[in-house]
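Okay, structure first, notes after.
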Amino acid sequence: MEMGSTLNMDFQEDSGTLGSLPVTTSRNMSSSSSAFFSANQSPFFSPRSSTCQFSESTRSDAQCDSANLSADPPSSCSGIQGTECLGNARFDLPDMKLEPTACISSDFRKSDHVVSNGTLSSYGHVGDNGYYDLIAKHRKQMRSHDMSFSPVPISLSSNRNRSYDIYIGLHGRKPSLQRFANWLRAELELQGMSCFVSDRARFRSSRKLGLMEKAMDVSSFGVVILTRKSFKNPYTIEELRFFSSKKNLVPIYFDLSPGDCLVRDIVEKRGELWEKHGGELWFLYGGLEKEWKEAVNGLFRVDEWKLEAQDGSWRDCISRAVSLLAMRLGRRSVVEQMMRWREKVEKEEFPFPRNENFVGRKKELSELEFILFGDISGETERDYFELKARSKRKNLMIGWSKSSSVEERLGKRQWGSGSRKGKEPVIWKESEKEIEMQSTERQQNQRPKGGGWTSRRKKSAKIVYGKGIACVTGDSGIGKTELLLEFAYRYHQRYKMVLWIGGESRYIRQNYLNLRSLLEVDVRVENCIDKSKMKSFDEQEEAAISRIRKELMRNIPFLVVIDNLESEKDWWDQKLIMDLLPRFGGETHIVISTRLPRVMNLEPLKLSYLSAVEAMSLMQVSAKEYPIAEIDVLRTIEEKVGRLTLGLAIVGAILSELPINPSRLLDTINRIPLRDISLSGREAHSLRKNTFLLQLFEVCFSIFDHAVGPRSLATRMVLVSGWFAPAAIPVSLLALAARKIPEKHKRTCFWRKVLRSLTCGFSSSYSKRSETEASSMLLRFNIARSSTKEGYVHFNELIKVYARKRGVTGVAHAMVQAIVSRGSLSLHSEHIWAACFLLFGFGNDPIVVELRVSELLYLVKEVILPLAIRTFITFSRCRPALELLQLCTNALEVADQAFVTPVEKWFDKSLCWRPIKTNAQLNPCLWQDLALSRATVLETRAKLLLRGGQFDIGDDLIRKAIFIRTSICGEDHPDTVSARETLSKLTRLLANVQTHT
């Protein structure tokens, strides 16, 4: 089918060659995430209101009812009305309790910011140190008062006859418990199950306790989250007895196991767990022994529910709980959806398999955990942290897009109005009981009674801990990606999903929009042609990004990893990368690795080198034992390679794969001559500093060549990899490009003779191997790394930069040829874009590869047009698609100009009476194909411009397309008629615009 005929006015969004996204099921938002509230939001601290109120959340597409007693205003007051709700909040002073988490919340973590004052300023205008002062004030008041907090009075008129699918009961203020309960509630509501969440021990009002008892009675199932402190709580014991008697109890063992909950062990304080928390616990609240034992023993009668939420099984526990509850409630579609989701995550979550040889970095992993979660647990727990604060510029807001919601901008204004002008260095002391925050400067420099703070204080800074954003910086090859990968694998159970995004500036926005499949979000461009308001291209792109961002701002935790962030700004339009990310302080955490010294004004975690012992273990992968002299040589190699983990891993692989000792390897590396290559540019900075690493690369190439032959497929695969996109490369495509590299002069045999003794017996084992064996060799020597996608490999950026700088003739052209002949739009879109960068010279880039006219025509028809339309329609990336088509038009015009330029042939000179002809005359069919291809591109551009309201430019382009088709095909050709219909629509819309303006 011709491209011109398949492209109609609406691009056949539901059929044809472009395909369509699968229809996603309706999703129910949780009560607190469905209302987008941002009052008092800052990029770092997010104090919330302490307004506790009974909330109902409904969503029209699924009608999922959810109710809870919430400390989060969004559950009942959404949008700009959040401030009014706070201002109208009422309190029952006799019931007030001045605790940070004094009420039941749909977002338990947010309730840590509850304050004791009922005024608006206590909620919405808390600055940096203002927030710390509030916490200190609360603790002081808690020590001197014994009061109880009461939520906002609740109207029951609309809720007396409500019923709930799930009642969730818990007890405790532990941040991890609150985070888990938030996630469980949000996941259940997302799947259409209404929930009532309660920690009844926080309340003293009999009226509100009565409400919760009614909610228990009308709930289909009772989920009770059990901790080691739950058995001291009379309300938890009551919930266990109540739901156990109704045969609908669902216990979740949070930091316990079912085997720990034995009456005898608890009462007699047997075992390490119950030495501190056990005993005759019913005496603590004045209960009856019989009732207490009945409640605990009732847990063993619940055989089908064995849900354990240990530190490494949160995700599995919640997934299983949702599936089991959905099955018991008759929601089979939910069960099937959860099964599909688990299969997808298992295949697509991580880009790399876990590194089994990962060594060291314990301190950095602990730091990351503390930065993201605000606390640490398990083996990583430490007693003390000293965190140095950094300067804060006045009115600094981390860049949100212009299209951010009114609530976000309102939150910024409230933050700015309530912030204090500076911030002093803060020391955080973590003990088992609490985290104390002290001001070192306040201790050293007491504030004078009649004066203000000194200018030194204004220059002090703030730091981000416990707000879900971390940045790791370091040199290329030092191990940033390995650290983030190990962290993601170690803590992935604390998140619903790990979302890995490549941070290269040309690809980061596309990588971000690629999350649509994992998040089941439709980011396709809207058809606004027939609507009253036409959206611009920027607005359509922002709308697509906001859909992804909105999904990440639910109460469901995700871990977003941005690996190798090149710049704070997008390469295409210079917009801030921050526009892509959700606000800090939510459930979603963000980890960034970069070579930049600072990102988004965040204080980064600077990654240093491995210790000497860790570096030695990385080089001694095998069980070989070396004498002391060889150990000293290994230390020399470590210093020469710049102590980079990439170089250390390659050295270790060579020593384990070949019969060679360290001293001989060092001698071989030193004798390898450096190639005469240009290492200019920012990307080659690390290579200029470390020429020994380049010699190490050359040793690997020589080993590959000697093992297989002078034109080793493995070596050519490395050389061609430098021109592919920074994504996983299919081995078949890589090998095809490597085979297309043109022949070169034979290399001198000298170095092959030098390495012959090193690889004795190695040559025969690797001779005549396939591309699979070549890729296996690259993986064994750590030149490439494996991917979770079967048949794909990754290359480190340092190796790719060196491969490009090595400058072998024809390598880039071979890569383009492989992409054009074998590339798949759905599987290799990043690499197709990389080929386009080489062909058309985007921005200030030079044109690296030039094609013949016949190759260009095939490229335009089979690659460029489908890529541009898919980028525009499926991902709403309007401007990159239009720029690609414009550059393609320019290339076709240059080729067309060459066709109409007179050429001289040798036989024309011998026959002087013959006129000089053009290529168009010599190849009329090829010239016509070139002209029609140009007309198709022009028509496609006009149709896309029509969707963004640029009717005048589209009108000019479609007229050129009509002229070309009329000249070649005639007036009545279907393609010409289709183009005229597009012109008439453009003319009508342009006239309407002119009339209105």
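Remember, predicted model here, so these are calculated numbers, not experimental data.
In this structure, P582 and I590 have side chains that are in contact, with non-hydrogen atoms separated by less than 4.5 Å. Counting only heavy atoms from C-beta outward, the side chains of F781 and F704 approach each other to under 4.5 Å. Within the 4.5 Å cutoff, side-chain heavy atoms of I819 are placed close to those of M815. Side-chain contact between I562 and Y512: absent, with no pair of heavy atoms (C-beta onward) separated by less than 4.5 Å. Within the 4.5 Å cutoff, side-chain heavy atoms of E855 are placed close to those of Q817.
Atom CG of L734 is separated from atom CZ of R716 by 11.0 Å, given to the nearest 0.5 angstrom. Remark: R941 CZ to Q886 CD distance equals 5.0 Å, nearest 0.5 Å. Of the inter-residue distances, the one linking T594 atom OG1 with L607 atom CG reads 12.5 Å to the nearest 0.5 angstrom. Considering CD of E541 and CG of D573, their distance stands at 6.5 Å, rounded to 0.5 Å. The CZ atom of F840 sits 7.5 Å away from atom CG of L887, with the distance rounded to the nearest 0.5 Å. Separation of atoms CG (L856) and CG (L892) is listed at 5.0 Å; rounding is to 0.5 Å.
Under a 4.0 Å N-O distance rule, the pair R506/D845 qualifies as a salt bridge. Ion pairing of K943 with E939 is present here, as a side-chain N (NZ or NE/NH1/NH2) and a carboxylate O approach within less than 4.0 Å. One finds a salt bridge joining E797 and R804 here, because a Lys/Arg side-chain nitrogen approaches an Asp/Glu carboxylate oxygen to under 4.0 Å. The residues E542 and K575 are annotated as salt-bridged, a charged nitrogen and a carboxylate oxygen being separated by less than 4.0 angstrom. For the pair E348 and K344, the salt-bridge criterion is not met [side-chain N within less than 4.0 Å of a carboxylate O]. The residues D563 and K480 are annotated as not salt-bridged, no charged nitrogen and carboxylate oxygen being separated by less than 4.0 angstrom. Under 4.0 Å is where a charged nitrogen must lie from a carboxylate oxygen, and between R361 and E482 no such pair does.
Aromatic ring orientation, F350 versus Y489: parallel (interplanar angle below 30°, classes split at 30° and 60°). In this structure, Y802 and F697 have tilted ring planes: the angle between them lies in the 30° to 60° band.
Counting non-hydrogen atoms of other residues, nucleotides and ligands closer than 6.0 Å to NZ of K569 gives a total of 12 or fewer.
A donor-acceptor contact closer than 3.5 angstrom links the side chains of E504 and N564.
When ring centroids are compared, F487 and Y491 come within the 6.0 Å threshold. For W571 and W833, the ring centers sit 6.0 Å or farther from each other.
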